[in-house]
Amino acid sequence: SKSGGGSSTDTSAAGATASIAASCFASPSPLPSATGDALQGSVTFNDANLTALDNALACALKGHSLSNVNVAMVVNVAADYWNAGKTGFQAGCTALGISSSNCTYFAPPDGTLTEQDTELETLRGKGITGYSISAIDPASAKNAIATDVANGLFVLAIDSPLPGTDAAGLYLGTPNTEAGYQAGLAMKAALNGTGDVAVLVGSLTAANATERIAGFKQALAGTNIKVTVTENDNLSAATAQSDAETILANNPDVKGLYGVYSYDGPALAKAVTTAKKTDVKIVCDDSDPATLSAVQSGVISATVVQMPYYQGYTGAYIMAAMKVLGKTATMQLIQPFLETDGSTLSSGVGVVTQADYSAYTSLESQLGIG
Amino acid sequence: MSASTLSPAPAPTGAAAASRGPSLLRRLAATPEAGVILACVVAFIVFAVAAPTYSSTPNMQVMGRDLAQFGILAIGESFVILTGGIDLSVGGLAGLSGILVGWFSVTHGIPAPLAILLTLLICAGIGYWHGSMVNRLNVPPFVITLVTFTICKGLALSITGGTPITNLSNIFGDLSLYYVGPVPIPAIIFVGVAVAAWFALERTYIGRQIYAVGGNLEAARLAGIPVARRRTTAYVTSSVLSGVVGMLIIGRLGVADPSIAGTGYELTAIAAAVVGGVSLFGGEGRIVGIAAGAILLELISQGLLSLNVNTYYLTVAQGVVLGVAILADRLRAKFFGTGRS
Amino acid sequence: MSASTLSPAPAPTGAAAASRGPSLLRRLAATPEAGVILACVVAFIVFAVAAPTYSSTPNMQVMGRDLAQFGILAIGESFVILTGGIDLSVGGLAGLSGILVGWFSVTHGIPAPLAILLTLLICAGIGYWHGSMVNRLNVPPFVITLVTFTICKGLALSITGGTPITNLSNIFGDLSLYYVGPVPIPAIIFVGVAVAAWFALERTYIGRQIYAVGGNLEAARLAGIPVARRRTTAYVTSSVLSGVVGMLIIGRLGVADPSIAGTGYELTAIAAAVVGGVSLFGGEGRIVGIAAGAILLELISQGLLSLNVNTYYLTVAQGVVLGVAILADRLRAKFFGTGRS
Amino acid sequence: MIVEPTPQKSAPALGRAVIARLRGVHKTYGPVRVLDLPELDLYAGEVVGVVGENGAGKSTLMGTLAGSVRREGGEIEIEGHALPPGSTAESARLGVALVSQEFPLVGQLSVAENLLLGRRPTGSRRRVLVDGPAQRRAAEAMLTAIGLAPGAIPVRRQVRSLPVPARQLIEIAKGWGRAPRLLILDEPTSSLGPVEARLVLDLARRAADQGSSVLFIGHRLDEVREVSDRIVVLRNGRLVADLAPDEATEERLIREMVGAEVAHSAPKTFSTANPVLLSIEGLTAEGLGPVDLTVREGEILGIAGLMGSGRSRLIHTVAGAQPSTGGSMHLSGKAYAPRRPGDGTDAGIAMIPEDRKLQSLVLFAPIKENVTLGILRRISSRGVVGPRKVRGEAKAITANVKVRMQSVDQPIGSLSGGNQQRAIFGRAFSTSPRLLLLDEPTRGVDVGAKAEIYELIDRTVAQGTAVVAASSELEELLWICHRIAVMHRGRVAAVFDRADATKENIMTAAATGAAPILPASRANGSTS
Ligand SMILES: Nc1ncnc2c1ncn2[C@@H]1O[C@H](COP(=O)(O)OP(=O)(O)OP(=O)(O)O)[C@@H](O)[C@H]1O
Ligand SMILES: Nc1ncnc2c1ncn2[C@@H]1O[C@H](COP(=O)(O)OP(=O)(O)OP(=O)(O)O)[C@@H](O)[C@H]1O
Ligand SMILES: [Mg+2]
Ligand SMILES: [Mg+2]
């Protein structure tokens, strides 16, 4: 039972590296960039590049047995947002021919650190070869990741990076700060540069929340827009809405609302309608159906979306390759696609507005995640 | 041998002293609910002075809608607590009922009124199940309702797959969004439920028997009260009211979101009841206190939001204010009233 | 007259019959804790058969570490419940104590052992405060500990500003990550706490008096038992054990994370106690049952994880399995045992 | 081996309708058959007295009739209708009313609601809604129907704020109010003073005269003999005698009950030169005092008074269970100012409160836990007290007071009322107190056990213990006490030496609050 250890991976990797056909290497096309003062959407993400990478990895894996690949994708909460990620992960496994019993998806029902931690320990007990994780708390994952990496497991950071850990080398996802920054830009455009803003968020401790808020404020720096209220709704849509109504009732100067968690968008939209304050602009994150329809009807000005589908899909490819081809060989294939920081493999960030609503929904249905 | 030798004790502590001729004020101060009501008044005044928007109509409307949610849950919960039980399922069931009604009406195309009926029937069935388990198998209410809570939370998630159900019928939104004068409809529903519950508990035989069951199960049984039926009634009431609250919530939210099931309403509901003078041992507590308890909790949490207390300190402040309110009440009880023991 | 006229009852046949009669099995089946223990065994076997990794050493180690957390909380909680109270603050206090110990040692540079001592003292102080409020002002325990819970949760957040405290002393990690043979240290701590609690409750006069206080407060008081002190003892025990658990948790996580305070450990702890046969009315329940209750909950939740139950159904499955276990126990009690009433 | 006793039949009540017919009724708890009645008929218009030792099965018999105890076999017919086992509702429907020894009342509800628990006031047309005024009227009528003055028990009061005797009367009124065909009174007078006890006896008679059948259980044999048309004796769950009033002499009854003669001795005199143990000066508490009293070592001081006169308050205040608001107390000359009952026990005081269920016992806990409650600390070494120790002590304690039980492991709630009381005595004695405070000490205790308890009291007194005993049973006080203090409205109206303590003197002082004229030297007892 020691064969799963680091040494055997290395030997197989050494053998495999040589066998990767040069034709398998691919190179990226330039990323689209979305900046400017007017509110404009962007729904192209990084799809083209990730597809190219997937093809390269598939090409390199051809002819190898994937029977000893046992991977898992562990996200931070069971929410709508991750359904696309799950779909992508399972599609990735299927495409590679990894059996579903070797392909575990886990979303903590309550989104707590302890749930996630216990699941990780459970997975180790099951002998997985690698996992991708959207860490609820990157700092707390540090020790465990160090142990796992030392034991030869491959750990892929998705959704939010794991700086300072042994899994810092590769991150698949959107930097949360960047997503928050995009939201801030959208808010700036929606408010024409002035007004108070309130932020609603489901957690004051989760890294993705704090980083997004930081990015959001960064984008507003130097404008007349101030974040005057931040409210924690404790992961509950109902609380979010009640809080939003309260904010609107008590803060006449608040002209903009930013909702960080996926359910915050619909809650804010409804609160604004209830309070009959349709002049209040809403920017939010994620692509809940209700959020999208509010975007379509114009109640929500913009929503910042990621592409968790690829965090699942490409994640499965990377984890399989890491096990079968070894770290060095796999990283060789990925290298060209990384951002300038040398570790981030962007899954892209999109901004959906009323204008590009239909473009986004058609992309969703194309991936089977609508 | 005159029966008059059975004169009541010379100075039967509170009651006799009270009839001796104390001021109305003193007598008011001695009733168990006085403290909570007073705390409500004080809290309201303090917050209204500190935050100018607090007493504004829109803010009061928000509080009214909030109250409708956990106030009604607290009332339902109290029925169960009065029988000496506890119902941890109210929050989960409220969440599930919102999901169910959305699922029936949106996903399965059942007309909304029918979907509402169906969902309330399911809720009643769950309450009935709780009652039977407690009556027949003597399962501790804490456990059986915790099981239900867990299952409800899980079902809400698994039915929706985490994705909220949208495109709800207008019925729900209408209920939550319209006003009678300046009063939001949910607040009126809350008042209606409170009055009905008060009436049921204080003025009907069934209500009095519920108190008897919680006060002394054995005595109630020996007096021929259908103990099992009364307990079941309480659980069914609690569950059905949870169902109603679930619908109010999705109406207000506009979508049926599975996260509602896990919001922790049950704790708030029990807290409101206990703050309002309900004893967790059963048989004790009145609707006026329960309503006041719910109102106090709402006044406090809303007041701190109105003051824009820094989020990081909000929870601390909530705890502290609640603590102060409770201690003030207990000091009152110690020095004035008999209060609840 | 002679005392012999008071002939002892012919009842002694009873004792004889008892030793004559029922098989060991039947007598075992009749003890209140038998059901829970049996449920543990059945659950373990079922899961071990269904999921090959379930009974593997690493998985058992995970369970051991989990148990150390909410098993110890459940034991502390039980002290309070045995006196007829309830302690909702255990989860919040565990979270806060983790933060405090991190804050003292990392932020303020106090040596770790001193920081641990300081934190445990603070916990004890909080328990003492609970006891005093319940004894002196007759505050319902539910409310006063809910206040503490809220404040703890808030303080954990406001002390850290939401950012976990890192670079903890190795002491904590060592405690949580090392093993004696294959047994993780926290599991050993759990066993130690359970044995100590068993001893304190069953074998010391203070423990027996705690049962009496919960069984009939007035009788205990009139019998000269210092009821106030016993209740305070229970609250202090519960709070200190919460503090210990908080430290175990941060050791396991490697950081002091404020979210721990809101995880909802209190419900799990109470549930473990109640499942293990503790009556929420006080005075009834034993440590062996409580430990078994905690183990059962852990076996179930971990078992479902091992089976890779779809996340969306995980919670439902948890509820269902718990429900089945409880009903089986109640059926046993109905047909074999006296159990608790 | 057990010789089956042959019950002696009293003359059959010829020509009277049978109200209840019992055939082969039996009940076992665990391995013990606590009730086994081949045959018993109850006729209209008769009061049947039921006597027997504690645990003889009296309450169990009543329970089978009322449906609160599920019988295991046999037939019961009420006026020709078969009564199914274990149905309180069916029993009530057929006209059986049980006034239980245990007073199943709901403390949180008002007197009126308790009186009408489970039913509607007759004449009220409201079926669903509570008719408050009608309920209170009906409740008042029910209380006056048993002979109480209007307002003697305020019907709006919460029952838990009322003392034990009042609760007993409510329970009686509740049973009476059902206009029963079979009225069962289980020790109805055990907590009542002479005045109220008289009401109850008259009531039993009245019920019989109106054509009902009455079962009257009691341990005060004179009462039972006075009120009954025949008396049945239970022993170990069997009916051992069925006697006509003229056959049922006190000696005969006792012999049938316990199988032997019982006699109890008067207390040994004590020396007035004994040092004063407890002195009370100007003691006040809510509804009490100022009270001045002294008790000497080896003395038994009785406290008499009407219901609500403050006897219990005095006991509680001395024990530290009720805060005193003024005055002082000294124990053996040392200032004694208890703030909680624990201070009392630490000072060597033991108390037996009047309400077993609410103030003394953890009903669901085993006997061994209950009886060792007071000595847990003492019997532990360095805080540790093993189960064997507890068991051993419990066995010794229960043996000392002869508790009839199966084992010390059974819940104390499963003991008969009298045996619970014995266990409580055992607990009090186990602390070897200097001062023993007794509140209604022999409530529900059978004659034999009473004698035994008196003997025990004598024994402790002989060792120098002082006893203060509040009781509603005058005979008891007259029998055991060296001196009797009579309370009236919270104060001591008079203190009588044994020689002056006559029923008349005590009743006068209790009712009027004025001490009868006695030779001046003795007017205040031998307190100074
Ligand atoms: N629930 C029970 N479980 C076990 N034993 C019981 C139970 N109830 C009664 N017993 C036993 O049945 C016997 C008869 O009890 P019962 O109450 O009928 O006595 P009693 O004649 O009314 O005595 P007392 O004069 O003391 O009231 C006693 O030995 C008692 O311990
Ligand atoms: N303020 C008080 N604090 C504590 N206990 C009290 C108080 N007032 C009454 N009690 C207790 O309540 C019980 C019933 O009170 P009640 O006035 O009827 O009794 P009492 O005056 O002692 O009458 P009795 O002479 O019939 O015993 C007693 O045990 C008494 O000690
Ligand atoms: Mg009896
Ligand atoms: Mg009394």
Measuring from atom [atom1] of [X] to atom [atom2] of [Y], what distance do you get when rounded to the nearest 0.5 angstrom?
| X | Y | atom1 | atom2 | value |
| --- | --- | --- | --- | --- |
| Ile270(C) | Leu146(B) | CD1 | CG | 9.5 Å |
| Leu280(B) | Phe281(C) | CG | CZ | 8.5 Å |
| Leu331(C) | Asn138(B) | CG | CG | 11.5 Å |

* Sort by residue number and list every member of residues 77-88 of chain B having a non-hydrogen atom under 4.5 Å from chain C. =>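 Listed by number, the contacting residues are Gly84(B), Leu88(B).
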* **Residues in residues 127-136 of chain B that sit under 4.5 Å from chain C, counting heavy atoms only** =>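 Checking residues 127-136 of chain B against chain C gives Met133(B), Arg136(B).
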* Can you list every side-chain hydrogen bond (donor to acceptor under 3.5 Å, both in side chains) pair that touches residues 313-326 of chain C, not counting sequence neighbours? ->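 Residue pairs passing side-chain hydrogen bond (donor to acceptor under 3.5 Å, both in side chains), neighbours aside: none found.
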* Asked: Taking side chain as C-beta onward, heavy atoms only, is Ile151(B) less than 4.5 Å from Val320(C)?
  ->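 Yes - at least one pair of side-chain heavy atoms lies under 4.5 Å apart.
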* With a 4.5 Å heavy-atom cut-off, do Leu327(C) and Leu137(B) have their side chains touching? ->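 Counting from C-beta outward, Leu327(C) and Leu137(B) do come under 4.5 Å.
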* To do: For a side-chain contact (heavy atoms from CB on, under 4.5 Å) with Phe142(B), tell me which candidate from Val278(C), Val275(C), Val274(C) qualifies.
  =>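 With Phe142(B) as partner, side-chain contact (heavy atoms from CB on, under 4.5 Å) holds for just one option, Val274(C).
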* **Max heavy-atom pair count under 4.5 Å with chain C, selected residue of Gly161(B), Gly282(B), Ala317(B)** =>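 Going by pairs under 4.5 Å, I would pick Gly161(B).
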* Asked: Under a 4.5 Å heavy-atom cutoff, which of Gly323(C), Ser158(C), Ala271(C), Pro141(C) has the most pairs with chain B?
  ->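 Sorted descending by pairs with chain B, the first entry is Ser158(C).
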* Asked: Counting N and O atoms only, with roles assigned by atom type, does the side chain of Arg330(C) sit under 3.5 Å from a partner on the main chain of Val139(B), one being a donor and the other an acceptor?
  ->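 No: the side chain of Arg330(C) does not pair with the backbone of Val139(B).
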* **chain C contact via Leu155(B) - which portion, at a heavy-atom distance below 4.5 Å** =>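 Both backbone and side chain of Leu155(B) come within 4.5 Å of chain C.
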* Please list, chain by chain and in numerical order, all residues satisfying side chain to side chain donor-acceptor pair (under 3.5 Å) with Lys153(C), sequence neighbours excluded. =>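 By the side chain to side chain donor-acceptor pair (under 3.5 Å) rule, Lys153(C) matches no residue at all.
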